[in-house]
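Data block below; observations after.
Both ligands and their constituent atoms are indexed starting at 1 by order of listing.
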Amino acid sequence: MTLRLVADAVFTVDYQGTVLQPGAVEVADGVITWVGDPTRTPLAAGTEVRDLGGILMPGLVNCHGHSPMTLLRSAGDGMPLAQWLNEAVWPREARLSDEDVYWGMTLGADELLGNGVTTTCEQYRHPGIVAEAAVDSGIRCVLTPGIFDVPGHGPDGEWQHQLVEACAMFDEMDGRQGRLHLGFGPHAAYSLPPEAVVAVAEAAQQRDAMVQIHLSETEAEGQIVQERYGMGAPAHLAALGLFDGRVMAAHCVWLDEAEMELLAHHDVAVAHCPGSNGKLGAGVAKLERMRAHGIRVGLGTDGPASNDDLHLWDEMRLAALFARATATDPAALSSAEALRLATRGGAEALGLPVGTLEVGRAADIIRLRTDDARFTPAVNAAELLGHLVWAGAGHLVTDVWVGGDAVVVDGVNVRIDGERARVEVGQRARRLVGP
Ligand SMILES: [Zn+2]
């Protein structure tokens, strides 16, 4: 059966930035089959119509997250990265049970979907449980099991064990659940020995799997790699062969021009996380320079302990604000380019057929209501685009489809119990704080 969704405006985020007013999108078997003007194109027999009003646009794409960290939201505020990890994050994570992680990911997925994020690229430990929660929630997930040495975790905390587990998960689950894609998540150049990076690179490249890694997040981390290996983290990872496969590098705040050229040469994609980088005082990534080098860039929330919410709308706005403020140029990142970063840009960075409302793409679609001060007035398409970028907000998202399935209906996730997840996380988080 074909479903036609009709709205006052459809932002396709195609290459021309087409906006249809009114507009409609038809979906069959989870895929977009037609996009156009509903007043000019008659309905085919058997098509169901939903006249929604408001705005339809592609679902937002989150390129870097650790969503089960809803359990650690706001832990260690004000600490620099190394201290934050060692004192606020890793001690609590050492106490995590599988059930804790399930509810943490469920709450994170509920928050992401409720805000219109239809794809999330996740890196975390306990990957089997994260996968289960992601599939239950209905979100599209690229899951890259975390690989790094965790002090005090016994054999489970050793990278060799985690790599074996990640390979087994990839071989068993990649692509078999429809919306679940597996990859590999080596933590960072400073937290893994070179032999681990080589082993992960080989395992991922044998499977044509994506690798997600933290890269050049802070200045201090770059100095550690420089002192240890006599070169910067990007050159170090390239020399170990990691960049010979598909790679998504999160943060990339401290890249110089030569390092950007290196990433562009190897077609390494970047997850730009302006909210997390700002909160942890890491710095401001040179978004416009990375784009000028032709690097594929998407946006990331990072984990809820360093953001602290999962509202990709904020990342879109921060990306545009930081780009314009650092360049002292109001044309530095246009509103259309900001919207592309949050949707099509993220999809291209992850290599997924989502992020635009075009024929043949997976039907990952969101609908926003516009009967709100943030969207008033809306005198033309350009100003409506401005409202999306500068005033768009998750609470205006009423409906979400992932692969054509209605996952959020009238603001409520119909697949999971978001209220229970909130209560579970609230209770479990207290135990994780420890004595
Ligand atoms: Zn991260």
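- Comment: D136 does not engage R415 in a salt bridge, judged by the lack of any side-chain N to carboxylate O separation of less than 4.0 angstrom.
- When the side chain to side chain donor-acceptor pair (under 3.5 Å) test is applied to N62, the partners found at least two apart in sequence or on another chain are T120, T301.
- In this structure, K286 has no side chain to side chain donor-acceptor pair (under 3.5 Å) partners at least two apart in sequence or on a different chain.
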Considering only distance and modelled atom types, tabulate donor-acceptor pairs under 3.5 Å from the side chains of residues 229-248, sequence neighbours left out.
unit_1: R246; atom_1: NH1; unit_2: D208; atom_2: O; d: 2.8

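- The ring of H66 has its center closer than 6.0 angstrom to the ring center of H214.
- Of all protein atoms, those of element N, O or S that lie under 2.8 Å from the Zn ion (ligand 1) number 4.
- A cation-pi arrangement is absent between R369 and F375 under the rule of less than 6.0 angstrom and at most 45 degrees off the ring axis.
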